[in-house]
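Small disclaimer: the values here were computed from a predicted structure and weren't measured. We're numbering straight along the sequence, starting at 1.
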Amino acid sequence: MRVLVIGSGGREHALCWAISASPLLTKLWCAPGNPGIAQVAECVPIGVMDFSALVAFAQDNEIDLVVPGPEAPLVAGIADAMEAASIPCVGPSRQAAQLEGSKAFTKELCDAAGIPTAQWERFDDAEAAREFVRRRGAPLVVKADGLAAGKAVVVAATDDEAIAAIDAMMDARVFGEAGASVVIEECLQGEEVSLFALCDGTTALPFGAAQDHKRVGEGETGPNTGGMGAYSPTPSFPPALQDAVMDAIILPALTEMADRGTPFRGILYAGLMLTSQGVKLIEFNVRFGDPECQALMPRLMSDLLPALQAAYDGELTNFDVRWRDVASIAVVMAARGYPEAPERGSEIRGLDRAAAVPNVLVLHAGTEADADGHVRAVGGRVLNVCATGPNVQAARDAAYTAIGRIDWPEGFCRQDIGWRALGKGP
Ligand code: AMP
């Protein structure tokens, strides 16, 4: 198979790493990729939103399967663009990607399909939203309806914080049109878990669960980020609970989408809150999580490529995948100043020595190679140091040993990834 992965982050490096091990693979490309991905795929300098160039490349190179990593091209319709050119693409259509593209769309679908989720209300008018906050009272969660790189969610402990969020999203439009309407939700309490399901339109195959660490600082402090680390499996989400969530959340969503004539194909990611009243959906995403994917792929024993092909073909009914019975962890190394203002351009050394630690995989997220071949940081989240082991402690020890070998004074990471699984308080 000739395969094209779209994206340039750690998630796409993990996907390319897994796909590159497939005996079915003839050649792997990644657009635009990064220097780490270049070790397992040929990188082509095409941006993830340049649909006409991506389609032309796929046609010229007779691509058998396109695998988009990030949400932005999916929500903008990359699967439809490929489909129009008769190129197989394993991802949801633009309409099905509304599950991530619009918070209100998902909340309405939850109500229609009986999926447990936080109580919610949608507002197109800022004053009506503020009035609702004054009437209901904090704590409340204010979300811009549209796609805004995961940052447009404010968990407001006070009325003033909620009103400030409405002012910023709806009046100042700090997230642009994504804030034209907002969803205001009941604030759920509990532990968060991410569940992934590979879907073919009608059938869903559980594809691993993981726990992410959203805050930049140790002990879950400081601003929210795209995620500072993840681990899998998660002791607080045993298999029986996963089965129950497949039945109560994933399958009803899939059935509702199919009934509406917009079947969902690809990876459906359910962000869950384990509340005292049972598991509730926080949100759907329409692709793998980053960094959860980096923690999941090293546990996947089966070949990823036929699983993705079966999802595209609508053939998951009798498909199964096996997972290695190991603990896996991904620790994010970020550039100093992340998330507000990450410093760019610093040189990273020692990556080969780090990767030589047994059971360690060093994935690139925000790196570039300079003219002399030196690896430099060009993003906020720059590296993902992943490790497996017989238990979380062993996996974590291996990951931090590898991090100790990376010579990058301008980078930092959290030292407490996996604390929940180790029973250590924040
Ligand atoms: P989202 O982009 O919807 O995943 O929200 C980002 C983060 O905000 C989630 O991972 C949760 O930590 C938090 N969050 C979102 N919705 C709620 C809610 N209804 N109650 C409590 N926390 C929430």
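- R396 places a side-chain N or O within donor-acceptor distance of the main-chain N or O of I417, the cut-off being under 3.5 Å.
- Using a distance-only test at 3.5 Å, with no hydrogens or angles considered, no donor-acceptor pair links the side chain of T203 to the main chain of L316.
- Under the 6.0 Å cut-off for aromatic ring centres, Y231 and W419 do not qualify, their centroids lying 6.0 Å or more apart.
- With respect to the salt-bridge test (charged N to carboxylate O, under 4.0 angstrom), the residues R122 and E108 do not qualify.
- Checked by atom type, the side-chain pair R299/S232 shows a donor-acceptor distance below 3.5 Å.
- Between the side chain of S22 and the main chain of L24, a donor-acceptor pair closer than 3.5 Å is present.
- A tilted orientation is assigned to the rings of F196 and F288, their planes being inclined by 30° to 60°.
- When the shell of 6.0 Å around CG of D325 is examined, it contains 12 or fewer heavy atoms from other residues, nucleotides or ligands.
- Ion pair R94/D80 not flagged as a salt bridge, since none of the NZ, NE, NH1 or NH2 atoms sits closer than 4.0 Å to an Asp/Glu carboxylate oxygen.
- In this structure a side-chain-to-backbone donor-acceptor pair under 3.5 Å is missing from R215 to P223.
- The 12-atom threshold is exceeded at CG of D247, counting heavy atoms of other residues, nucleotides or ligands nearer than 6.0 Å.
- Residue Q95 places its CD atom among 12 or fewer non-hydrogen atoms of other residues, nucleotides or ligands, all under 6.0 Å distant.
- The existence of a salt bridge linking R287 and E12 is excluded, since no basic side-chain nitrogen approaches an acidic carboxylate oxygen closer than 4.0 Å.
- A salt bridge links R336 to E343: at least one charged side-chain nitrogen sits closer than 4.0 Å to a carboxylate oxygen.
- Donor-acceptor pairing under 3.5 Å is recorded for the side chains of E292 and S194.
- In this structure, the side chain of N391 engages the main chain of Q393 through a donor-acceptor pair within 3.5 Å.
- One finds no salt bridge joining E192 and K214 here, because no Lys/Arg side-chain nitrogen approaches an Asp/Glu carboxylate oxygen to under 4.0 Å.
- When all heavy atoms of C413 and E218 are compared, the pair lying nearest together is O-OE2, 3.8 Å.
- Ion pairing between a basic and an acidic side chain is recognised when a charged N comes within 4.0 Å of a carboxylate O; E220 and R414 show such pairing.
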Next on the checklist: Set out, in order, the CA-CA distance, both residues' side-chain angles and the distance that settles side-chain hydrogen bond (donor to acceptor under 3.5 Å, both in side chains) for Y400 and Q415, then state yes or no.
Outcome noted: CA-CA 8 Å; Y400 285 112; Q415 300 292 336; 5.0 Å; no

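- R260 forms a cation-pi arrangement with F105, by the criterion of a distance under 6.0 Å to the ring centre and an angle within 45° of the ring axis.
- Side-chain atoms of D145 never come within 3.5 Å of backbone atoms of V182 as a donor-acceptor pair (strictly under, hydrogens ignored).
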